[in-house]
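Ligands are counted one by one from 1 in listed order, and the atoms in each one are counted from 1 as well.
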Amino acid sequence: MKTRLVFLGPPGAGKGTYASRVSIKLGITHISAGQLLRNAVKHGTALGLKAKAYMDEGELVPNEIVVSLMKERLAQPDAAKGFILDGFPRTLGQAEALGGIVGIELVINFTAPEDIIVKRLGTRETCRKCGWIYNTITLKPKVPGVCDKCGGELYQREDEKPEVVRERFRVYNEKSKPLIDYYRDKGLLIELASEKGDEPPEAMVEKVLQALKA
Ligand code: ADP
Ligand code: ZN
């Protein structure tokens with residue numbers, strides 16, 4: 001079974017939702033770059049203070065900041081049993097830096113139709129405490145506004161406003177799309193498309209598990 005994984009895809013393609021479920025099934029660590037950054041912001045660390053301005057605008061945080069956070073995270077003992085990187089790398093520079101830190105076994109590119117993605121992002125809610133992702137239409141929490149996993153408060157992220165979402169897409173097309181070719185050329189890439197947006201994530205989770213066994 002492959003356990004050193006990267007999940008790619010545009011904002012709202014579902015990579016975070018799939019990563020959280022697949023990591024539980026495999027007993028490996030889910031590392032979300034966005035979540036690491038939001039934690040750094042919440043704790044007011046020096047890196048977090050620098051990162052916040054970029055995040056609020058939907059821009060990428062500079063590579064040095066993200067790479068140093070990820071390097072530190074990957075060095076923690078729980079990463080040794082395997083991991084899913086969600087939202088990292090996002091630029092060719094980050095991919096090259098990652099190659100110098102650890103060997104990746106498989107990269108999965110998730111895609112979904114654009115109209116579905118836009119709808120999902122507009123109705124997404126995130127747990128302030130543990131980062132679990134909900135959707136007020138298709139992945140509702142049992143109690144509105146409360147995380148099923150940890151009881152934390154759910155909130156809509158500041159960068160999920162329509163203008164900022166549009167900017168995140170622009171940045172994705174410019175900076176992150178080239179990663180698809182980069183990993184394809186290395187023979188590490190597979191692509192998984194979700195055709196409909198209203199089906200529960202479990203079907204895609206199954207496809208991922210099959211791909212990891214292959
Ligand atoms: P999504 O996957 O839905 O786009 P994330 O939670 O992964 O959202 O990211 C939120 C924001 O955090 C991004 O818009 C960006 O500002 C910053 N960010 C996350 N990952 C990276 C990264 N690898 N490099 C630079 N900035 C990042
Ligand atoms: Zn929670």
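For ligand 1, the protein residues placed under 4.0 Å by at least one non-hydrogen atom are Pro11, Lys15, Ala33, Gly34, Leu37, Arg38, Met55, Glu59, Leu60, Val61, Val66, Gly87, Phe88, Arg90, Gln94, Arg124, Arg157, Asp159, Arg168.
Minimum heavy-atom separation, Gly87 to Ala33: O-CB, 3.4 Å.
Here Arg166 does not pair with Glu163 in a salt bridge; the nearest charged N to carboxylate O distance is not below 4.0 Å. Between Arg73 and Asp78 there is a salt bridge, since a side-chain N of the basic residue sits under 4.0 Å from a carboxylate O of the acidic one.
No more than 12 heavy-atom neighbours from other residues, nucleotides or ligands sit within 6.0 angstrom of CD on Glu114. The local environment of CZ in Phe169 is crowded, with over 12 non-hydrogen atoms from other residues, nucleotides or ligands closer than 6.0 Å.
Proximity of the aromatic rings of Phe7 and Tyr18 is defined here by a centroid distance below 6.0 angstrom, and this criterion is not met.
Angle subtended at the Zn ion (ligand 2) by Cys150 SG and Cys130 SG: 110°, rounded to 10 degrees.
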